[in-house]
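Report on the structure given below.
Whatever order the structure lists them in is the order used to number ligands and atoms, beginning at 1. Predicted model only: the values in this text are computed from it and were never measured.
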Amino acid sequence: MSLTASVWMLFFVGLWGRTKPLDNGLARTPTMGWLHWERFMCNTNCDADPDNCISERLYMMMADVMAAEGWREAGYQYVCIDDCWMSKSRDAGGRLQADPRRFPGGIKKLADYVHSKGLKLGIYADVGTSTCAGYPGSLAHYDTDAQTFAEWEVDLLKFDGCSMDTTLLEEGYVNMSKALNRTGRPILYSCEWPLYEWPSQKPNYNTIAETCNQWRNFADAYDSWSSVKSILDWTATHQDIIVPSAGPGGWNDPDMLVIGNFGLSRDQQESQMALWAIMAAPLLMSNDLRSICRHSKELLQNRHIIAISQDELGKQGYRTVDHFEVWERPLSQGWLAIAVLNALEIGGPRRFSLKAAPGWKTCTPLCNITQILPQYEEVGVQIGHQVSVNPSGTALLVIMPINDLLF
Ligand code: GLA
């Protein structure tokens with residue numbers, strides 16, 4: 001489909017509305033929080049690396065920092081455990097159990113601690129026979145595991161898709177959704193179903209959105225610009241399929257924010273933050289909040305970008321121009337967020353005239369412009385505006401059409 005046709009299709013789907021999303025009252029705006037995987041992976045060696053291994057201490061320390069250093073107030077709510085928290089076997093009653101050496105207090109006590117900080121706890125399990133790192137899977141145990149998570153007062157479940165026959169993915173993910181619902185506890189349901197289904201067939205995004213609060217479509221995020229860029233490219237190439245299914249209650253999940261780690265330059269970090277907000281993506285940071293630098297922290301806590309991410313209209317943005325890469329997200333009040341990514345990885349800053357953005361046509365004839373990145377500036381009412389964008393950097397703006405100024 002041509003770019004223009006795909007933008008029109010998104011517009012019409014927007015008019016007619018989406019199918020009914022999962023209605024568990026959760027994820028009305030994209031989820032915000034912290035998830036251990038990209039930064040801490042499956043480090044279980046607490047003897048050698050007590051501060052960074054997957055243990056209750058790690059989540060307690062992150063919860064402390066999130067409550068003390070403005071993260072919670074900025075909107076980051078969920079502290080999420082990923083793979084490698086479990087014992088290698090279930091208990092005598094067939095229930096999942098945390099590794100007793102690394103989680104001596106158990107998950108319920110950890111949940112109580114996280115809740116005492118005004119935050120929520122996320123946990124991880126797998127739809128198949130084992131998790132991706134080889135810990136026990138939930139297949140044939142969905143009700144038991146959902147009940148266990150509810151009793152532990154967990155608030156989010158990331159449900160991975162390893163070790164599962166792809167023809168059974170739908171049944172497995174739907175059954176776990178029902179099992180979670182039966183517990184009576186609101187547990188945000190984060191799926192990886194489409195990611196595992198794409199290699200064999202085109203996923204049914206209607207069923208996915210009715211089943212999950214967010215869903216991974218593409219490969220894991222790594223700490224590199226090539227990884228972030230490949231996620232953006234995949235998303236843009238499939239936007240006519242995936243954008244219509246996003247909205248309050250259910251979101252496309254392009255995976256973790258790797259801002260504050262080692263692989264992204266300052267410009268590339270700004271690009272990830274701006275584009276994740278445009279994509280209405282969950283903002284799940286995977287970094288070390290105990291030692292993050294000031295610039296990354298300010299970027300992740302930038303209230304103007306978070307306001308775009310959490311805009312109540314709940315529409316996902318899309319790429320509109322693919323040489324300079326202009327992404328647009330409709331916001332409430334008829335406003336529009338525009339991200340201009342300089343995709344060239346050579347040369348110096350390039351200038352872009354906002355008049356070349358498709359959304360500029362809503363400025364009839366004027367727009368009030370606020371520039372958020374690279375520097376915050378209330379540009380004011382203008383008939384046009386030029387931004388200068390560094391290689392692999394992004395300018396982020398909000399335009400507010402002034403329709404009746406002249407009357
Ligand atoms: C898969 C998932 C990742 C992470 C790992 C854990 O690769 O896509 O997000 O959960 O498994 O093993």
Pull out every atom of ligand 1 sitting under 4.0 Å from any heavy atom of [X], numbered as shown with elements.
| X | answer |
| --- | --- |
| C132 | 1 (C), 11 (O), 12 (O) |
| K158 | 3 (C), 4 (C), 9 (O), 10 (O) |
| D82 | 4 (C), 6 (C), 10 (O) |
| Y124 | 6 (C), 10 (O), 12 (O) |

Which residue and atom name correspond to the protein heavy atom nearest [atom], and how close is it?
| atom | result |
| --- | --- |
| atom 12 (O) of ligand 1 | D83 OD2, 2.8 Å |
| atom 7 (O) of ligand 1 | D220 OD2, 2.7 Å |
| atom 5 (C) of ligand 1 | W37 CE2, 3.7 Å |

Check your understanding: Using 30° and 60° as the class limits, which term best fits the ring planes of Y376 and H304: parallel, tilted or perpendicular?
Key -> parallel

Practice item. Anything under 30° is parallel, anything over 60° is perpendicular, the rest tilted; go ahead and classify H238 against W234. Key: parallel

Check your understanding: For D160, is the nearest heavy atom under 4.0 Å from an atom of ligand 1?
Key -> yes

Point to revise | Min heavy-atom dist M41 to ligand 1 below 4.0 Å | key: no

Check your understanding: Charged N to carboxylate O below 4.0 Å: is that the case for E210 and K20?
Key -> no

Check your understanding: Below 4.0 angstrom, N of the basic side chain to O of the carboxylate: do D288 and R290 qualify?
Key -> yes

Point to revise | pair D47-R101: side-chain heavy atoms closer than 4.5 Å | key: yes

Practice item. Provide the closest heavy-atom pair for L35 versus S286 in the form atom of the first, atom of the second, distance. Key: O-OG, 2.8 Å

Check your understanding: Does an N or O from D255, backbone or side chain, lie closer than 3.5 Å to an N or O of ligand 1?
Key -> no

Check your understanding: When rounded to the nearest 0.5 angstrom, what distance separates SG in C53 from NE2 in H36?
Key -> 10.5 Å

